[in-house]
Amino acid sequence: MTRPFEISRRGLLSTAAGAAVLSVAGRAKAAGKTLNFADIGVGDPGGDWSGFTKASGWNVNLVAIGNAPSAILNVMIGGGGTSTYDIINIVGGMQPPLISNHLIEAIDPAEMPDWAKDTYISEYLTEGKPGFQFIGYQGRLYGVPSVLQGDAFAYLPEKTGPLDSYAALFDPKWRGYVALENNYTTAGQKTALYLKKAGLADIKDPANMSPAEIKAVVDFLIGRKKGGQFRVLWSSFEQAVDLIVRKEVYVIDCWEPMVFAAAAKGVHAVYADPKEGYLLWAMAAYLVNKRNGSAAEKKASYELLNFMLGGWYGAKITLLRGYMTNPLAPAYAASHPAEFTAAEAKKIAAITANVKHKFDQGGTWQNRWPTHIDAYESEWQRFEAA
Amino acid sequence: MRRARAAVRYGLLGLPGVFLVVFLVCPLLLTFAISFWQRTGFTFTPALTFNSYRAFFSGVRLLVFDRSLLISLEATAISLLLAYPVAYFLAFHAVPKAVRICLSLFTVPFLINYIIRTFAWTYLLDRSGPVNRLLQWLGLVHHPVSWLLYSDFAVFIGLVSAYMPFMVFPLWLSLSGIDQRLIEASWMLGARPARTFFGVILPLSLPGIFAATIFGFVGSFGESAVPTILGGVGFQLMGNTITSAMDVLDYPLAAAMSSVVVIAMLGLLTAWFLSFDLRALLGKIMEWRR
Amino acid sequence: MPRAGHGALSFGSGAVWILIGVLLFLLYLPLVPPVLFSIGLAVPGVHTITFRAYGELWGSPILVSATETTMEVAAIVGVAAPALGLLSALAVRELGIPRLMMLLVLLPLFIPGVSMGLASAFFFRELGIAPSLPSVALVQTIWALPFATLVMLTVMSTFDPVLLEAAYVTGANRLRGFLDIELPIIRPGVLGAVLFSLILSFNETIRTSLVQGPLNTVQTYIWSTYKQTGLSTAIYALMTLLILLTLVLMASILVIVTRRRAA
């Protein structure tokens, strides 16, 4: 019998002992006063929470989670999220399932001094505005807006020339060179916006469609899919950037920071300013309804939420991720040259101005939990299987 | 003293069973129970309804199930055809040092995160990738070919490269354990190599084939990253459609689909157990009854 | 050089060496892009190499702590799963209910990862097991167990029980017989099981993400950034280091073993 792997019993035992020691040593890592901050990656200021720690005495432990509803709900309902996390920072609008399962708490803006300074809240997100569904539910506030953005699509001008309508995504001219996001509340809703504006389908509100309306949207998409219009349905940031950088597709339904990422890799893509408008959305930091949470943790959580409404955090996130954050950010970056270079401050101001323009243009507010979400999901399954 | 020893013995031997019953069978029964529950809005309440099963068997998700079965069977067959000759060669025709190096080389790539590994294929196979450039340089095609990526072909590449190496190892283990005297006896009795192979070696390597098939088939069936990264427009396997049901909090449907998968797999396994003697599977260890 | 030159069906060495070469080439091919990206060659038209990512790697606290967690979990799983696997394999043989034991042990393979993760998560919550290192290790051990057991069974199936009978005749008890006769022979299986368990632990994402609680593993961190913000070059650097480290480790083990044999 061939025996290429020779190990002694003693070797095996010492490995086992070593592993045990290692894991015990690992457990001894200082816990201290730490807030657990579950985040989809966008809210990570490069691991630097020193400003908050210095002011509050609390450390922040960032846990990277997925943004898909299943990822969030599974972790919160089953995975002990409510016994671990203090704050979850995800794309907003998830209140209906989160609240009905008692996973998050209402917030009190009075606990956060910087809340009142955030004019984006009063302009776009307060009660009565269509963006309210990203932070509020049934008249109460649940989320602190951490990021705001409007989505459209991107294209490679060298291949397509200037484009200004979602019609490009479905234009047979680009057959086989188009990619959509695999997501009914983004790609599905953008398609609905296009069909409505182009008069191709009778859709009352692209943000909250009836089962018949979403079926019409999916029928349209299936027709295009069968015609070979789409190269792929992407489902990750990395994939979408790659599709642009490798020029695998010319027109792509995507997020604007992907265009920035492509630019950093030397590929010039343009994020369109479509005549139909944008898909507007916001990220929300929710206060977790923590089992056995202490009053001190709650106080610190509010301090962290307030920190996120502040200029440094906002500027840092805008710089790193390419999203608009809060009104204090551009001014803070411009007035703190020790922390942000002039070029960085300029970039932050430019991103902010660009996103503000989108909100002025309008469009449709993304709805992560439409009334007939089950119909959305099962119709989208039909699209994928077609 | 004797009794104490027996207690220790059965305690130790029973440990994995108890461990699995507590941490696996219990959660699984819970899942099975939930598949009959009633879903009302955002929550679900205990009930005995077949709604979830009806939704599964009457909708497009059944197509996904069929496709998953077919794709995993095909991927497993391809992998087996590739892995068996390798394992055979290593077991009978290679010096121990070469075996050691080969098997080690087969394992190293797996320490790299599988998402990064799978994703790397897109760089290699896309329309401007090295494979397409090579094909054009060779003059085999004049325009980049699209079907290399975002296609069934790419899914097979992803599945085979992800699970085939897992299959080499058990195959090699079982082949290298075959008693040389049996092979030589067959030769001395005048059997031709092909006859020795099908009459002696192949049956004796069944335990390895069994383990390899399970690794390959089950691995592919449960895969969710390969189809989303490499598959065509909307390519889904079971894992993807289950996740999609969870996206809208339809836990009963997700549970029903999981239960169907588990039952189907157990069915396949039982069929295998019944059609093959377990002794062939477990080899000499089963012949030995104290 | 061929050990079983006569009798065994010969595929023709040359052809199989070529097949092995091609397969290894295909397996290593996807490792090339990450290495190139880690030294800044991701950008089309850029040909200057930079090792900046390797510096950034240590400045990323989340990546460093995720690496620690991954190592800890792998160490536990790499010991627990093979140990339980050995016991399971013995139980299949000794307890007189081989079919049932086989079904039980293989069960973890048949449950889709996301369902298994969610079911365990719910179950742990009922038991009051907080999501943390033990829960991650537990979930991964269950996942690796069938692999470890099957590898072990494959080796044990070739073991000739006559050897044990001989040991008993000469007065050895069951334990001695197992430790002195059988274990040395099935050692490749034990090592194989350890290797499989480590590899599975290094790649598990779906189940882990549901029970990780306040921790990140390298896998869950990569999955999250891959989905939402893009992979940093530091991650590619980490993967490259991992490849190099493993290859160096394997090469040195081979050298040591060969030297010892020669001596």
Side-chain angles (χ1 to χ4, degrees), chain A residues 1-6 66 68-74 77-78 96-101 176-180 182-185 221-222 224-226 228-236 238-239 242-243 245-249 368-369 373-386, chain B residues 39 41-43 55 59-64 67 90-92 94-104 115-116 119 122-123 126-129 144 146 149-151 172 175-180 228-236 240-251 253-254:
Chain A
M1 178 166 172
T2 346
R3 194 128 15 93
F5 297 101
E6 278 295 348
S70 58
I72 296 160
L73 295 168
N74 288 347
I77 296 175
L98 290 173
I99 294 166
S100 48
N101 285 292
Y177 288 84
V178 175
L180 297 183
N182 191 359
N183 183 335
Y184 36 89
T185 66
L221 285 172
I222 288 177
R224 293 300 146 122
K225 177 181 171 177
K226 295 235 158 110
Q229 181 72 8
F230 310 118
R231 177 75 172 127
V232 68
L233 301 183
W234 60 265
S235 57
S236 73
E238 191 73 11
Q239 224 179 345
D242 182 53
L243 287 167
V245 171
R246 309 275 299 176
K247 303 187 179 169
E248 187 70 8
V249 297
R368 287 197 87 189
W369 208 269
I373 190 160
D374 283 2
Y376 278 60
E377 195 270 342
S378 59
E379 284 296 330
W380 199 260
Q381 282 284 311
R382 201 162 59 84
F383 172 47
E384 290 191 63
Chain B
R39 178 160 171 257
F42 299 111
T43 53
V60 289
R61 293 178 198 271
L62 195 59
L63 289 178
V64 179
R67 184 187 229 180
L90 292 180
F92 294 120
V95 292
K97 194 175 174 187
V99 176
R100 210 157 35 218
I101 293 174
C102 261
L103 288 177
S104 309
I115 292 151
I116 290 183
F119 187 59
T122 60
Y123 292 89
D126 66 13
R127 289 192 276 229
S128 54
S146 296
L149 186 60
Y150 308 129
S151 58
W172 167 77
L175 284 166
S176 63
I178 293 176
D179 195 332
Q180 289 301 316
T228 43
I229 295 173
L230 299 176
V233 181
F235 191 105
Q236 292 198 88
N240 308 110
T241 192
I242 291 175
T243 308
S244 177
M246 288 178 179
D247 274 338
V248 291
L249 266 181
D250 200 342
Y251 285 153
L253 178 58

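Labels below follow one simple rule: chain letters A, B, ... track the order of the sequence lines, proteins then strands, and each chain is numbered from 1.
With a threshold of 4.5 angstrom between heavy atoms, B:S151 does not approach chain A through any atom at all. With a 4.5 Å cut-off on non-hydrogen atoms, B:D126 touches chain A through its backbone and its side chain both.
With sequence neighbours excluded, the residues that form a side chain to side chain contact (heavy atoms under 4.5 Å, CB included) with B:A55 are B:L253.
Taking B:G59, B:A245, B:S146 one by one and counting their heavy-atom pairs under 4.5 Å with chain A, the maximum is reached by B:S146. Interface summary for chain B: among A:W369, A:F230, A:Y376, the most heavy-atom pairs under 4.5 angstrom belong to A:W369. Ranked by heavy-atom pairs under 4.5 Å with chain A, the list B:I101, B:L63, B:L149 is led by B:L149. When A:Q239, A:E238, A:K247, A:R231 are compared by the number of non-hydrogen pairs under 4.5 Å with chain B, A:R231 comes out ahead. Heavy-atom pairs under 4.5 Å with chain A were tallied for B:T241, B:N240, B:D250; the largest tally goes to B:T241.
No donor-acceptor distance shorter than 3.5 angstrom exists from the side chain of A:E379 to the backbone of A:A375, with no hydrogens or angles considered. At distances below 3.5 Å, at least one donor-acceptor pair connects side-chain atoms of B:R127 with backbone N or O atoms of A:E248. B:S128 contributes a side-chain N or O that, together with a main-chain N or O of A:R246, makes up a donor-acceptor pair within less than 3.5 Å.
Interatomic distance, CH2 of A:W234 versus CD1 of B:I229, reported as 14.0 Å (0.5 Å rounding).
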